[in-house]
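Structure first, then comments.
Computed from a predicted structure; not experimentally measured. We count ligands from 1, going down the list as the structure has it; atoms in each ligand are counted the same way. Starting from 1, each residue takes its place in the sequence as its number.
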Amino acid sequence: MKSLKSNLIVLGSVGLLFLGACSQGDQASDPNNSPTSNPAASQTAPSPPNASPAATAKTEHTKTSQGGQVVESGAYYLEFLTQKQATGTHLDLYLKKGDKREAVSDAKVIAQVQLANGTQQNLELKYDAEGKHYYGIFPGTEAGQYPVKVIADIKGEKVDGRFTFNQ
Ligand SMILES: [Zn+2]
């Protein structure tokens, strides 16, 4: 029994050697007709999944809560970031409290933008629960530097910070 198994293995190996020799010969004579071509290699690789197309439909928020202008007022921490867009400037305000910098979600936030002609435009910033920040769109398109005062009313406790942005 043992010797029979060994013989079968040897026969199998010899068969593989012959197959290899045959395919090499075929490829050399006719490269378009290779019967032993690996079917896995000829399959097209699946295309990678598209990066979330839904995210582009929403208004663009700034990517991180870092690198903005920071004002600390009492226990509160205000960080202001802007992002220029086709229709104006997207304003982002991160309002955080305490050493743990916990996001404050229940404040009423107003941005008072000083315009070049001396008038002031008040924008109410809405809370974006997903991004944990307040945001609004300043609709002006005139280039310049705009001072802005942000006032946050946290259940009657008012904190404010002064910032500037360019567009
Ligand atoms: Zn935003």
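The closest approach of H90 to the Zn ion (ligand 1), by N/O/S atoms, is made by NE2. Of all N, O or S atoms in H61, the one lying closest to the Zn ion (ligand 1) is ND1.
V109 pairs in a side chain to side chain contact (heavy atoms under 4.5 Å, CB included) with only one of the listed residues (L78, L125, L123), which is L125.
When rounded to 10 degrees, the angle formed at the Zn ion (ligand 1) by NE2 (H133) and OD1 (D92) equals 80°.
F163 CZ to K149 NZ: the interatomic distance, rounded to the nearest 0.5 Å, is 11.5 Å.
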Fill in: Worked check of ring pair (Phe, Tyr, Trp, His ring centres under 6.0 Å) between Y94 and Y134
CA-CA 6 Å; Y94 288 82; Y134 297 83; 9.3 Å; no

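For N122 and Q120, the side-chain atoms include at least one donor-acceptor pair closer than 3.5 Å.
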